[in-house]
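Here's the structure, in structure tokens; my notes come after.
Letters A, B, ... mirror the listed sequences (proteins, then strands); counts begin at 1.
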4 protein chains.
Amino acid sequence: MESKRKLTKATFDNLPDEKKLLILKTATNEFAIHGFDHANINTIAEKAGISIGSLYKYFGSKQDLFLMTIHQGTEVLMHTLQAIVPSAKSFEDKCRDLIKAIQTTSREQQQLIRLYSELTGVGNSELVQQLSYEIEAISASMYTALIKNGQDTGEIRLDIEPAMAAFLLDNLFISLQFSYASEYYQQRFKIFLGSDIEKKDSFVCEQMVRFLSSALKP
Amino acid sequence: MESKRKLTKATFDNLPDEKKLLILKTATNEFAIHGFDHANINTIAEKAGISIGSLYKYFGSKQDLFLMTIHQGTEVLMHTLQAIVPSAKSFEDKCRDLIKAIQTTSREQQQLIRLYSELTGVGNSELVQQLSYEIEAISASMYTALIKNGQDTGEIRLDIEPAMAAFLLDNLFISLQFSYASEYYQQRFKIFLGSDIEKKDSFVCEQMVRFLSSALKP
Amino acid sequence: MESKRKLTKATFDNLPDEKKLLILKTATNEFAIHGFDHANINTIAEKAGISIGSLYKYFGSKQDLFLMTIHQGTEVLMHTLQAIVPSAKSFEDKCRDLIKAIQTTSREQQQLIRLYSELTGVGNSELVQQLSYEIEAISASMYTALIKNGQDTGEIRLDIEPAMAAFLLDNLFISLQFSYASEYYQQRFKIFLGSDIEKKDSFVCEQMVRFLSSALKP
Amino acid sequence: MESKRKLTKATFDNLPDEKKLLILKTATNEFAIHGFDHANINTIAEKAGISIGSLYKYFGSKQDLFLMTIHQGTEVLMHTLQAIVPSAKSFEDKCRDLIKAIQTTSREQQQLIRLYSELTGVGNSELVQQLSYEIEAISASMYTALIKNGQDTGEIRLDIEPAMAAFLLDNLFISLQFSYASEYYQQRFKIFLGSDIEKKDSFVCEQMVRFLSSALKP
DNA sequence: CATGAATGAGCTTTCATTCAT
DNA sequence: TATGAATGAAAGCTCATTCAT
């Protein structure tokens with residue numbers, strides 16, 4: 001809908017992949033550790049082994065760099081989704097796969113998910129709008145399709161609106177994601193379920209699957 | 001369990017209630033609008049009609065003031081919970097009441113909920129730990145009790161762990177809360193359900209009730 | 001006409017006169033030597049013996065400080081004008097007094113006049129507009145009155161518009177001012193009149209008086 | 001007298017005229033709009049369709065490029081002067097022609113005149129000295145000759161030094177030029193003469209001619 | 001107790017110039 | 001000759017906190 005403004009300048013795209021990845025990884029690290037406001041652009045440049053001037057040749061601003069790290073990160077996450085949702089498995093099995101994927105990636109990509117939760121606080125420039133739209137619209141359409149498909153195959157009740165079911169599903173998945181990645185939500189997770197959540201992956205998964213399939217079965 | 005360090009100094013407690021409320025209200029406003037980092041302590045003092053010196057006599061630091069605003073705010077929210085959860089109604093009716101309460105208070109107390117979502121980013125001092133424990137522990141125990149009670153009355157299935165069910169319930173409620181209060185989650189809400197979410201309160205409520213009661217009924 | 005926005009904050013006004021003058025003098029120096037763009041706020045603070053924080057408590061921005069130095073400086077110049085123009089002397093004698101005053105003050109207040117010529121380049125914020133209006137409006141009205149008065153006394157021809165005569169008069173005076181104060185205009189002055197202009201004050205004065213009185217006599 | 005250091009390197013002179021003009025025109029634009037300090041060399045190169053590397057092959061520095069734009073611009077202005085001053089007309093008519101020329105060119109070559117007023121602030125390298133000498137020496141000698149010639153023909157009084165009269169004449173002309181071209185002086189112009197100065201060209205011209213011829217006639 | 005002036009470290013961003021290709 | 005990516009010093013401004021009055 002909007003004329004997609006690019007987050008990077010051409011100079012960045014022309015960089016060798018190795019260098020591009022190094023820069024983005026360094027930035028992801030800094031932003032995840034210190035948050036957007038407290039992350040230091042000069043430090044990022046230094047740690048990535050480039051000059052500040054170059055950093056600003058590649059990205060127009062601190063915010064652009066931040067958004068780019070998220071953009072690149074979410075692409076990875078979206079691939080995971082796309083590998084699971086359109087498969088031929090049953091709805092219940094897909095849920096199980098999704099939850100397991102969340103449990104794995106939330107730990108592997110902890111920093112990325114922390115970044116995502118920073119997105120809320122960066123103010124609401126056009127770019128933030130655009131990026132968040134990109135991210136959420138994909139999940140929304142994929143989950144809605146997932147539900148509709150389940151309704152077609154008779155696995156999912158018809159008296160619930162697909163968009164609404166998708167919304168609730170995504171809410172549960174996002175919450176779970178944060179519960180594994182963010183320090184704050186991790187603590188809350190433990191308050192509910194005890195300090196040994198690390199060992200309870202399959203328990204959490206099975207209980208959620210049970211919860212979800214009952215909630216949506218006809 | 002924890003050595004409760006106080007957020008306020010005695011000097012604040014001795015203030016007339018009116019003044020105390022004015023200060024906290026002003027702070028809530030500033031923090032909700034600008035976020036923790038960009039809120040300006042000097043501005044808060046000015047708007048509350050007191051000197052910065054006094055503010056520092058009342059609260060030890062910016063963080064302490066912030067945590068106090070949350071502490072005071074959540075008390076209000078907890079009262080709502082306590083009015084609904086222990087009532088004599090059916091589980092389904094309690095869910096309905098809770099969702100309606102969320103829809104109402106999220107709009108009325110928008111700023112408060114925005115504050116809460118800032119909590120994640122404030123770092124993890126002892127005080128943050130303490131406060132978050134206070135908040136989450138109450139919800140956790142209340143929802144867990146709610147589920148157990150439902151299991152006792154035969155309204156809720158027995159093959160789901162009460163703590164786990166409570167966790168999922170709270171996840172859905174918190175997500176809904178943010179969806180009404182935070183700008184970012186509001187946009188996401190609309191991506192899923194269309195731009196007229198303001199008019200769909202009862203639809204959202206009924207669908208969620210249906211989802212929840214199916215998920216948990218025996 | 002415009003709601004006069006103040007250049008200083010109250011905190012500056014409350015300072016002891018000695019300190020106020022030291023700050024303005026230091027700033028005048030820096031701005032005169034380096035020009036607006038190259039003047040260094042941190043250096044000004046340091047040389048004035050105050051912290052940068054304080055400087056920004058006193059003045060909202062670099063530009064505000066700059067404009068304040070001009071404002072204060074022109075006040076001095078305006079006093080000189082007001083001492084000469086409304087006197088009981090003949091028009092010719094007043095011109096002579098004005099030119100002599102320019103020759104003296106341009107040397108004494110060299111830096112101030114250099115500041116003034118920087119004014120053009122500072123961009124056109126509301127404040128610049130306001131300040132320049134203040135300065136020019138006073139000269140305009142005083143010189144116009146001077147001409148009208150001369151027409152009333154029969155010293156000045158009637159077939160020239162007072163405002164136009166005042167404009168030309170001011171043009172000559174300002175040019176002369178720059179010719180003594182600005183390095184560039186000084187060089188130009190010498191190209192026209194030879195390198196010994198320093199010793200030619202009375203010659204320059206008499207020739208100008210002769211030029212002016214002929215130009216305007218009936 | 002002075003060892004004329006060149007502003008351009010040979011590489012520039014060898015360029016096709018079209019390209020040379022494009023570069024200078026682009027530079028004039030940028031310098032006129034943003035002033036010397038805020039003009040961006042990289043932007044100029046980009047807009048002129050050449051590389052920064054090339055620009056630095058053509059001109060030694062930002063300052064050199066700036067001075068070159070002025071040098072080239074003043075040549076145009078000087079041609080105007082040379083077309084009027086040595087003509088066979090009366091002194092009064094020449095004045096009239098000069099003023100009219102100023103009114104026209106100040107509007108057409110607005111940017112050029114704005115550049116000229118930037119010259120003061122560029123510091124005082126050898127090159128600035130050289131350039132300003134070039135410019136001012138020509139006006140000085142032409143106006144002085146104009147006056148002397150008037151004295152010879154009996155149009156101009158003998159009791160005024162030609163150089164001095166030339167100086168005053170040039171002061172008035174330069175002031176007028178700025179009054180049409182610079183934003184700041186334009187505002188001042190209006191303060192003296194009202195906001196409709198655009199429509200008053202012939203009035204301004206006639207009043208100035210009257211002023212000048214009276215000032216200098218025997 | 002109350003005040004509020006003073007502090008100063010710290011951070012984003014710009015841009016003239018260089019030099020390897 | 002031409003290119004344009006890389007450089008990095010430098011500067012305006014903010015704001016939590018202190019402490020003398």
Side-chain angles (χ1 to χ4, degrees), chain A residues 9-12 14-15 19 34 37-46 49-65, chain B residues 9-12 14-15 34 36-46 50-66, chain C residues 9-12 14-15 19 34 37-46 49-65, chain D residues 9-12 14-15 34 36-46 50-66:
Chain A
K9 304 187 178 172
T11 39
F12 182 70
N14 295 337
L15 248 36
K19 203 170 182 180
H34 301 108
D37 279 321
H38 293 299
N40 185 326
I41 285 283
N42 291 53
T43 304
I44 292 173
E46 201 178 345
I50 59 172
S51 70
I52 320 160
S54 293
L55 201 62
Y56 273 86
K57 276 271 188 298
Y58 303 152
F59 306 92
S61 65
K62 185 185 189 180
Q63 194 187 249
D64 278 12
L65 172 57
Chain B
K9 304 184 177 175
T11 41
F12 181 70
N14 295 336
L15 248 35
H34 301 109
F36 179 77
D37 277 323
H38 293 298
N40 186 329
I41 284 282
N42 295 54
T43 304
I44 291 173
E46 201 181 345
I50 59 172
S51 70
I52 318 160
S54 294
L55 201 63
Y56 272 85
K57 281 275 186 296
Y58 303 151
F59 305 93
S61 66
K62 186 186 190 179
Q63 194 187 248
D64 279 11
L65 171 58
F66 174 71
Chain C
K9 304 187 178 173
T11 39
F12 181 71
N14 295 335
L15 248 35
K19 203 170 183 180
H34 301 108
D37 278 321
H38 293 299
N40 184 328
I41 284 283
N42 293 50
T43 304
I44 292 173
E46 201 178 347
I50 59 172
S51 71
I52 319 159
S54 293
L55 201 62
Y56 274 86
K57 276 271 189 298
Y58 304 152
F59 306 92
S61 65
K62 187 185 189 181
Q63 194 186 249
D64 278 13
L65 171 57
Chain D
K9 305 185 175 175
T11 41
F12 182 70
N14 295 337
L15 249 33
H34 301 109
F36 179 77
D37 278 323
H38 294 298
N40 186 330
I41 284 282
N42 295 55
T43 303
I44 292 173
E46 201 180 347
I50 59 171
S51 69
I52 319 158
S54 295
L55 201 62
Y56 272 84
K57 282 274 188 294
Y58 304 151
F59 305 92
S61 66
K62 185 185 190 181
Q63 195 187 248
D64 280 11
L65 171 57
F66 175 72

Can you tell me how far C1' of E:dG10 sits from CG of A:Asn42, to the nearest Å? 10 Å
Taking the minimum atom-to-atom distance to the side chain of B:Thr11, which one of E:dA16, E:dT12, E:dC1 wins? E:dC1
Mind checking ring pair (Phe, Tyr, Trp, His ring centres under 6.0 Å) for B:Tyr56 and listing every partner two or more places apart, or none if nothing turns up? none
NA contact type, C:Asn14, heavy-atom cut-off 4.0 Å: base, sugar-phosphate, or nothing? nothing
Could you check C:Leu65 against C:Tyr58 for side chain to side chain contact (heavy atoms under 4.5 Å, CB included), going step by step and ending with a plain yes or no? CA-CA 8 Å; C:Leu65 171 57; C:Tyr58 304 152; over 6 Å; no
Answer with base, sugar-phosphate or nothing: what part of the nucleic acid does A:Ala45 contact at a heavy-atom distance below 4.0 Å? nothing
Taking atom P of E:dA16 as reference, at what distance in whole Å does atom NE2 of C:His38 sit? 10 Å
For atom CD of D:Glu46 and atom C1' of E:dA16, their distance in whole Å: 15 Å
For C:Ile41 and B:Ser61, find the nucleotide of DNA chain F closest to each by heavy atoms; which residue's nucleotide sits nearer the 5' end? C:Ile41
Between B:Ile52 and B:Glu46, is the side chain to side chain contact (heavy atoms under 4.5 Å, CB included) condition met? List the steps. CA-CA 8 Å; B:Ile52 318 160; B:Glu46 201 181 345; over 6 Å; no
Calculate, to the nearest 0.5 Å, the distance between atoms NZ and CG belonging to B:Lys62 and B:Leu55 respectively. 11.5 Å
If only atom types and distance count, is the side chain of A:Lys19 paired as donor or acceptor with the main-chain N or O of A:Ile50 below 3.5 Å? no
Kindly compute the distance separating OG1 (D:Thr11) from CZ (D:Phe59), expressed to the nearest 0.5 Å. 8.5 Å
How would you label the contact of C:Asn40 with the nucleic acid (heavy atoms, under 4.0 Å): base, sugar-phosphate, or nothing? sugar-phosphate
Assess A:Lys57 against A:Phe12: is NZ or CZ under 6.0 Å from the centre of the six-membered ring, and within 45 degrees of the ring's axis? no
Close residues, residues 50-59 of chain D, relative to DNA chain F [heavy-atom separation under 4.0 Å]: D:Ser51, D:Ile52, D:Gly53, D:Ser54, D:Tyr58
Anything under 4.0 Å to a heavy atom of chain B counts; send over the first and last such nucleotide of DNA chain F, read 5' to 3'. F:dC15 to F:dT18
Between D:Phe66 (CZ) and E:dA16 (C1'), how many Å, whole number? 16 Å
Please classify the nucleic acid contact of D:Thr43 as base, sugar-phosphate, or nothing, using heavy-atom distances under 4.0 Å. nothing
Which residues satisfy the side chain to side chain contact (heavy atoms under 4.5 Å, CB included) test with C:Thr43, sequence neighbours excluded? C:Glu30, C:Asn40, C:Lys47
Mind checking which stems touch DNA chain E? I mean at least 3 consecutive Watson-Crick or G-U pairs, both distances under 3.5 Å. E:2-21 with F:2-21
Rounded to the nearest 0.5 Å, what separation is found between the CZ atom of D:Phe36 and the CG atom of C:Asp37? 11.0 Å
What residues form a side chain to side chain contact (heavy atoms under 4.5 Å, CB included) with A:Ser61, not counting sequence neighbours? A:Gln63, A:Asp64
